[in-house]
Amino acid sequence: MTFKNKRHLFFDLDHTLWDFDKNSAVAFDLIFKEYNFNFSTNDFLKHYIAKNQYYWSLYQVNKISQEELRFKRLNDVFEILNEPVSEVIVNKISDDYIEHLPIVIIYLMEP
């Protein structure tokens, strides 16, 4: 196989070169350190993974918007964990997560 005439190479980092699950967990852990929640990141992730997959499946068939996906996947888990969180904070955590996710890999690589 030759790449001589190829101009672009596309590949999906998730679950191949990039341990997305670990990166996601570390991102949430860093974010949750700012709040005084009554649950661990592991407890959160036990519910979040399923909720995230559910809302992604709805998003992929245009049944919800990106904003609904980002809000509901978090808000549902806070409700399951009986952790009262305002809409403002849910949206802030959602924004922080999206911001932290691509840079956490650097954090993981530091000695």
Side-chain angles (χ1 to χ4, degrees):
M1 174 186 260
T2 178
F3 291 98
K4 185 176 180 180
N5 296 321
K6 307 296 187 233
R7 292 180 54 207
H8 299 93
L9 174 64
F10 296 95
F11 57 93
D12 184 3
L13 289 173
D14 295 358
H15 306 292
T16 52
L17 298 176
W18 182 27
D19 186 345
F20 179 82
D21 296 331
K22 176 68 174 175
N23 209 66
S24 181
V26 171
F28 277 124
D29 197 45
L30 291 171
I31 293 164
F32 292 164
K33 286 182 179 179
E34 299 176 26
Y35 299 89
N36 192 21
F37 291 132
N38 293 317
F39 57 80
S40 69
T41 302
N42 285 337
D43 288 341
F44 177 85
L45 290 172
K46 287 176 193 174
H47 302 286
Y48 175 80
I49 291 168
K51 288 294 180 182
N52 186 45
Q53 289 173 346
Y54 169 71
Y55 284 116
W56 267 104
S57 70
L58 294 178
Y59 176 73
Q60 289 170 335
V61 294
N62 297 315
K63 292 194 175 195
I64 62 170
S65 68
Q66 182 182 35
E67 293 79 22
E68 290 172 305
L69 160 72
R70 290 179 59 194
F71 178 82
K72 290 181 177 187
R73 67 185 178 181
L74 294 173
N75 194 64
D76 284 8
V77 178
F78 291 130
E79 288 178 358
I80 290 168
L81 295 172
N82 200 28
E83 187 71 41
V85 179
S86 72
E87 286 185 28
V88 171
I89 298 298
V90 172
N91 285 319
K92 170 95 171 80
I93 291 170
S94 178
D95 290 343
D96 289 348
Y97 176 71
I98 298 302
E99 184 179 312
H100 280 65
L101 199 57
I103 61 170
V104 169
I105 196 164
I106 297 164
Y107 172 82
L108 291 172
M109 296 172 115
E110 290 179 357

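Model, not experiment: these values are computed from the prediction. Residue indices begin at 1 and follow the sequence shown. FYI, side chains are in, hydrogens and waters are out, and symmetry mates aren't considered; it's all heavy atoms of this structure.
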Tell me, do [X] and [Y] make a side-chain contact under 4.5 Å, heavy atoms counted?
X	Y	value
D29	K33	yes
N23	L101	yes
L58	K72	no
Q66	F71	no
I49	Q53	yes
V85	F37	yes
I93	Y35	yes
I64	W56	no

Distance in Å, [X] [atom1] paired with [Y] [atom2], rounded so as to fall on 0.5 Å steps:
X	Y	atom1	atom2	value
R73	N52	CZ	CG	5.0 Å
K46	F39	NZ	CZ	12.5 Å
I80	D43	CD1	CG	12.0 Å
L69	K63	CG	NZ	15.0 Å
E67	S94	CD	OG	9.5 Å
L45	D21	CG	CG	9.0 Å

| Non-hydrogen atoms of E83 and N36 that approach each other most closely | OE2-O, 4.4 Å

| request: Of all the heavy-atom pairs spanning N82 and P84, show the shortest one and how long it is. | output: O-CD, 3.5 Å

| task | Indicate if I89 and L81 have the same hydrophobic cluster label, given that clusters are the connected sets of ILVMFWY residues with side-chain heavy-atom separations under 4.5 angstrom. | result | yes

| Can you get from V90 to F44 by hopping between Ile, Leu, Val, Met, Phe, Trp and Tyr side chains that sit under 4.5 Å apart? | yes

| note | When F28, F32, Y54 are each screened for ring pair (Phe, Tyr, Trp, His ring centres under 6.0 Å) with Y48, the one that passes is F28

| said: Using a 6.0 Å cut-off, check whether atom CD of E87 has over 12 heavy atoms from anything other than its own residue. | reply: no

| Side chains of E79 and N75: do they bring a donor and an acceptor to under 3.5 Å? | yes

| Any side-chain donor-acceptor pair under 3.5 Å between E68 and S65? | yes

| Test side-chain contact (heavy atoms from CB on, under 4.5 Å) applied to D95 and R70, step by step | CA-CA 9 Å; D95 290 343; R70 290 179 59 194; 2.8 Å; yes

